[in-house]
**Student:** 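Okay, here's the structure, questions in a sec.
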Amino acid sequence: MRRPLRPTNKDLRRATASFSAPVLGWNTRDNLTGMDPRFARVLDNMVVDGGRIRVRKGFALAAACDALPETLAAYDYGDVKKLFVGADNKIWEADFASHTLIQRAEGFLSNRWNTVFYKGRLYFLNGQDPVQVFDGETIEAAAFTQAGENEEQTALDTETFFAGTLYKNRLFFLERESLRFWYTKDAGAVQGEMLPFDLAQISRLGGHLVCAAGWTYSVSSGAQESQILFITSEGEVLVYAGDNPSEIDAWTLRGTYKIPRPLGNKCVCALGGDLVYLGENGYYMLSQLLSAPAAQKTAAFSDAINPTLAELKSSFANYGWTVRPFQTDGLLLVNVPETGAQAVQHVMNLQTGAWSRFTGLNALDWAELNGKLYFCGTGGVFQAQTGQNDNGKSINWRFMGAYSTLGTPYAKALKEVVLFYQGRNEMKFDVNVSVDFKKEYTAYQSTPAAPQSQWDTSPWDETSWAAEAAAVKKRLVLRLTQGTYFSLGASGALLNSEANLLGYDVFFEQSKNLA
């Protein structure tokens, strides 16, 4: 049984403080002296999983590409499941068996596609090339028309269409650098005549359309209602209900709202019965944001990490902002293109709302196909959330806990840390400390632990609990560390193994006379 801690002398006393894993996740919002100890100041390549934090899963090459792929688009209809890639001014199909790309269409000006799926067809729009459509077999230019003189139908120039959505069995395409959208004249049509609708007559803030989204939700009576949202570059949202913009009685403006400006044109995704929205001031559920637009700060579910987002203003115009839920692992991923070549991901646990950050996945776009998550970037297309290595390399992980006085306002000298984790007994890691808000340093650099020992047959605090994948307890003697406020953490590199942090104990000496 654990030996009780006893004072060593009158003024110098040995004490301990216990900490759970930072199960509330990453926090850059709270004051350093008042942060809840269940938060972490840094949580890189780890995710909150119940009462522990674990090192994230890895990624593996799915299809190599010499050029830089900038778009992923999944097609899943019946027995046909394909992943398309925009790269080298072509549209490719990923061949997972050979880990290569197969060319499906060529001759384009841009690789940055948005897609809309309807009736087994996947429409590709990039604002520079004619709209392309995959019908399950081939990719070719879409056949849309408009009424010309004498109401004769002529081919519609779709090169300006860069994004769109599906709503009430109609395709809606947005026109580049404009407040005008186009929609199919006949409900249910997959080609044929399209009609324009200009929102400049309604918009109060100007700018241009960035994205549109159909939204079906439940009301208090249990019924479902639908509406379509058009979001502009100035953060103006125009909300319409009805099923036909051509008929005044079947198309109603429900309201206009001012919200934070959008981050890219892939800033909206469906999640349950709501829509997730990426704005320059935070990440939101649109139901909350539109119901209380004046309370934008408190409406953001990213509140705990909003200061980090504010530091990324120079990256707001970069290509690659996107948001995607991955329900298989209970995560919401926000792709953050910090520079043209480097991206990180802000990752939220969908059950607890706890945040962390992924690094090392330099993604430009994401897609999910057949229950698997993919991203594209330098080198090709990669499957994410798989295995325990990053395409053969170690996963570098790191966390730093909240600052703490360890329960006493007096100065203290750290002596030991006991770390509780699940993983390999021989796992290497460093213990890092920041004292009184100064730059952190490595207080302990680990070496492989001694061979495992059986429960109750070796001294407590000197050996591990068990072997690989079981609970491990390591007693680590720190280099001299003295101060009042302490932030402790750990870092390491895992290759083909798992690790879960459960908590840690800090042993220290305290005295009124410590300088």
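Bear in mind the structure is a predicted one, so any value in this text is a computation, not a measurement.
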**Student:** Under 3.5 Å, is there a donor-acceptor pair between the side chain of N335 and the main chain of W321?
**Tutor:** no

**Student:** Below 4.5 Å, heavy atoms only, C-beta onward: do F326 and L333 meet side chain to side chain?
**Tutor:** yes

**Student:** Strictly by modelled atom types, are S491 and N432 linked by a side-chain donor-acceptor pair under 3.5 Å?
**Tutor:** yes

**Student:** Classify the angle between the aromatic ring planes of F144 and F173 as parallel (below 30°), tilted (30 to 60°) or perpendicular (above 60°).
**Tutor:** perpendicular

**Student:** Within the supplied structure, the quantity of interest is the number of heavy atoms (other residues, nucleotides, ligands) at a distance under 6.0 Å from D66 CG; does it exceed 12?
**Tutor:** no

**Student:** Judged by atom type as modelled, is there a donor-acceptor pair below 3.5 Å linking the side chain of Y75 to the main-chain atoms of G120?
**Tutor:** yes

**Student:** Is the shortest side-chain heavy-atom distance between L229 and Y257 below 4.5 Å?
**Tutor:** no

**Student:** Apply salt bridge (charged side-chain N to carboxylate O under 4.0 Å, His left out) to K266 and D365, showing your working.
**Tutor:** CA-CA 9 Å; K266 296 183 179 181; D365 201 9; 2.9 Å; yes

**Student:** As a test of understanding, state which of L501, V47, N500 forms a side chain to side chain contact (heavy atoms under 4.5 Å, CB included) with R52.
**Tutor:** N500

**Student:** Has Y77 got more than 12 heavy atoms of other residues, nucleotides or ligands less than 6.0 Å from its OH?
**Tutor:** no

**Student:** Donor-acceptor check, side chain of S291 to backbone of Q288, threshold 3.5 angstrom: yes or no?
**Tutor:** yes

**Student:** Take atom NZ in K393; do more than 12 heavy atoms of anything else shown fall under 6.0 Å from it?
**Tutor:** no

**Student:** Donor-acceptor check, side chain of Y319 to backbone of E70, threshold 3.5 angstrom: yes or no?
**Tutor:** yes

**Student:** If you count every heavy atom of other residues, nucleotides or ligands that lies below 6.0 Å from R38 atom CZ, does the total exceed 12?
**Tutor:** no

**Student:** Is Q128 atom CD crowded by more than 12 heavy atoms from other residues, nucleotides or ligands, each under 6.0 Å away?
**Tutor:** yes

**Student:** Between N496 and Q388, does any side-chain donor sit less than 3.5 Å from a side-chain acceptor?
**Tutor:** no

**Student:** How close do G264 and V210 get, counting heavy atoms only, and between which atoms?
**Tutor:** O-CG1, 3.3 Å

**Student:** Assign the ring pair F172 / W251 to parallel, tilted or perpendicular, where the plane angle (0 to 90°) is split at 30° and 60°.
**Tutor:** parallel

**Student:** Answer yes if the ring centres of F230 and F181 are under 6.0 angstrom apart, and no otherwise.
**Tutor:** yes

**Student:** Suppose we call two aromatic rings close when their centres sit under 6.0 Å apart. Are W366 and F375 close by that rule?
**Tutor:** yes

**Student:** For the side chain of R41 and the backbone of W26, is there at least one donor-acceptor N/O pair under 3.5 Å apart?
**Tutor:** no

**Student:** Could you give the distance from CG (L238) to CG (L199), rounded to the nearest 0.5 Å?
**Tutor:** 5.5 Å

**Student:** For the residue pair I139 and V133, establish whether any side-chain heavy-atom pair is separated by less than 4.5 Å.
**Tutor:** no

**Student:** What about F134 and F124, are their ring centers closer than 6.0 Å?
**Tutor:** no

**Student:** So that I can tick it off, tell me whether R180 and D198 are bridged by a salt bridge, with the cut-off set at under 4.0 angstrom between side-chain N and carboxylate O.
**Tutor:** no

**Student:** Checking side chain to side chain donor-acceptor pair (under 3.5 Å) for the pair T256/R204: CA distance, chi angles, key distance, verdict?
**Tutor:** CA-CA 9 Å; T256 62; R204 297 173 296 176; 3.0 Å; yes

**Student:** I need the minimum non-hydrogen distance between V48 and A354, along with the two atoms involved.
**Tutor:** CG2-CB, 3.6 Å

**Student:** Could you check whether any side-chain N or O of Y421 sits under 3.5 Å from a backbone N or O of R424, counting only pairs where one atom can act as donor and the other as acceptor?
**Tutor:** yes

**Student:** Looking only at non-hydrogen atoms, find the nearest pair between Q345 and L361 and report the distance.
**Tutor:** NE2-O, 2.8 Å

**Student:** Distance from Y118 atom OH to T165 atom OG1, nearest 0.5 Å?
**Tutor:** 12.0 Å

**Student:** Looking at F162, F84, W92, F108, which one forms a ring-ring contact (aromatic ring centres under 6.0 Å, His included) with W113?
**Tutor:** F108

**Student:** Between Q342 and N362, does any side-chain donor sit less than 3.5 Å from a side-chain acceptor?
**Tutor:** no

**Student:** Roughly how far, to the nearest 0.5 Å, is CG of L263 from OG1 of T322?
**Tutor:** 11.0 Å

**Student:** Looking at F358, is R56 sitting on its ring face, NZ or CZ under 6.0 Å from the six-membered ring centre and within 45 degrees of the normal?
**Tutor:** yes

**Student:** Inspect the contact between E236 and K258 and indicate whether a charged nitrogen and a carboxylate oxygen are less than 4.0 angstrom apart.
**Tutor:** no

**Student:** Run T359 and N45 through side chain to side chain donor-acceptor pair (under 3.5 Å) and show every step you take.
**Tutor:** CA-CA 6 Å; T359 65; N45 286 331; 3.0 Å; yes

**Student:** Do R261 and E234 meet the salt-bridge criterion of a basic N to acidic O distance under 4.0 Å?
**Tutor:** yes

**Student:** For a ring pair (Phe, Tyr, Trp, His ring centres under 6.0 Å) check, start with the C-alpha distance between F96 and Y374, then their side-chain angles and the critical distance, and finish with the verdict.
**Tutor:** CA-CA 12 Å; F96 300 126; Y374 299 89; 5.2 Å; yes

**Student:** Less than 4.0 Å between a side-chain N and a carboxylate O, is that true for K82 and D76?
**Tutor:** no

**Student:** Would you confirm whether T158, through its side chain, and V131, through its main-chain N or O, come within 3.5 Å as a donor-acceptor pair?
**Tutor:** yes

**Student:** Taking E338's backbone N and O only, do any of them form a donor-acceptor pair with N318's side chain (distance below 3.5 Å, no angle check)?
**Tutor:** yes

**Student:** Please report the closest heavy-atom contact between N306 and A300, naming both atoms and the distance.
**Tutor:** ND2-CB, 3.8 Å

**Student:** Identify whether the distance between the nearest side-chain nitrogen and carboxylate oxygen of E498 and K57 falls below 4.0 Å.
**Tutor:** no

**Student:** Could you tell me which residues satisfy salt bridge (Lys or Arg N to Asp or Glu O under 4.0 Å) with E140, sequence neighbours excluded, listed by chain and number?
**Tutor:** none

**Student:** Can you tell me how far CE of M46 sits from CD1 of I53, rounded to the nearest 0.5 angstrom?
**Tutor:** 4.0 Å

**Student:** Quick one: closest heavy-atom pair of S434 and M400, and the distance?
**Tutor:** N-CE, 4.2 Å

**Student:** Is there a donor-acceptor contact under 3.5 Å from the side chain of S302 to the main chain of Y283?
**Tutor:** yes

**Student:** Would you please test Q385 and D329 for side chain to side chain donor-acceptor pair (under 3.5 Å) and show each step?
**Tutor:** CA-CA 8 Å; Q385 291 298 105; D329 287 349; 2.8 Å; yes

**Student:** Do Y167 and W215 make the cut of ring centroids closer than 6.0 angstrom?
**Tutor:** no

**Student:** Is it the case that the side chain of H99 and the backbone of A62 share a donor-acceptor pair, with hydrogens and angles ignored and the cut-off at 3.5 Å?
**Tutor:** yes

**Student:** Count the heavy atoms belonging to other residues, nucleotides or ligands that lie under 6.0 Å from NZ of K90, then report whether that count exceeds 12.
**Tutor:** yes

**Student:** Assess, by modelled atom type and distance only, whether the side chains of Q227 and R254 contain a donor and an acceptor separated by less than 3.5 Å.
**Tutor:** yes

**Student:** CG/L209 to SG/C211 distance, rounded to the nearest 0.5 angstrom?
**Tutor:** 8.5 Å

**Student:** Could you tell me whether R54 and D49 have a side-chain N and a carboxylate O separated by less than 4.0 Å?
**Tutor:** yes

**Student:** Roughly how far, to the nearest 0.5 Å, is CG of L364 from CG of L68?
**Tutor:** 5.5 Å

**Student:** Which atom names give the shortest non-hydrogen contact between L122 and A73, and what distance separates them?
**Tutor:** CD2-CB, 4.2 Å

**Student:** Less than 4.0 angstrom from a charged side-chain N to a carboxylate O is my criterion; do E440 and R398 meet it?
**Tutor:** yes

**Student:** Is a donor from one side chain sitting under 3.5 angstrom from an acceptor on the other, for N111 and T71?
**Tutor:** no

**Student:** Taking the six-membered ring for Trp and the single ring otherwise, decide whether the centroids of F39 and Y403 are under 6.0 Å apart.
**Tutor:** no

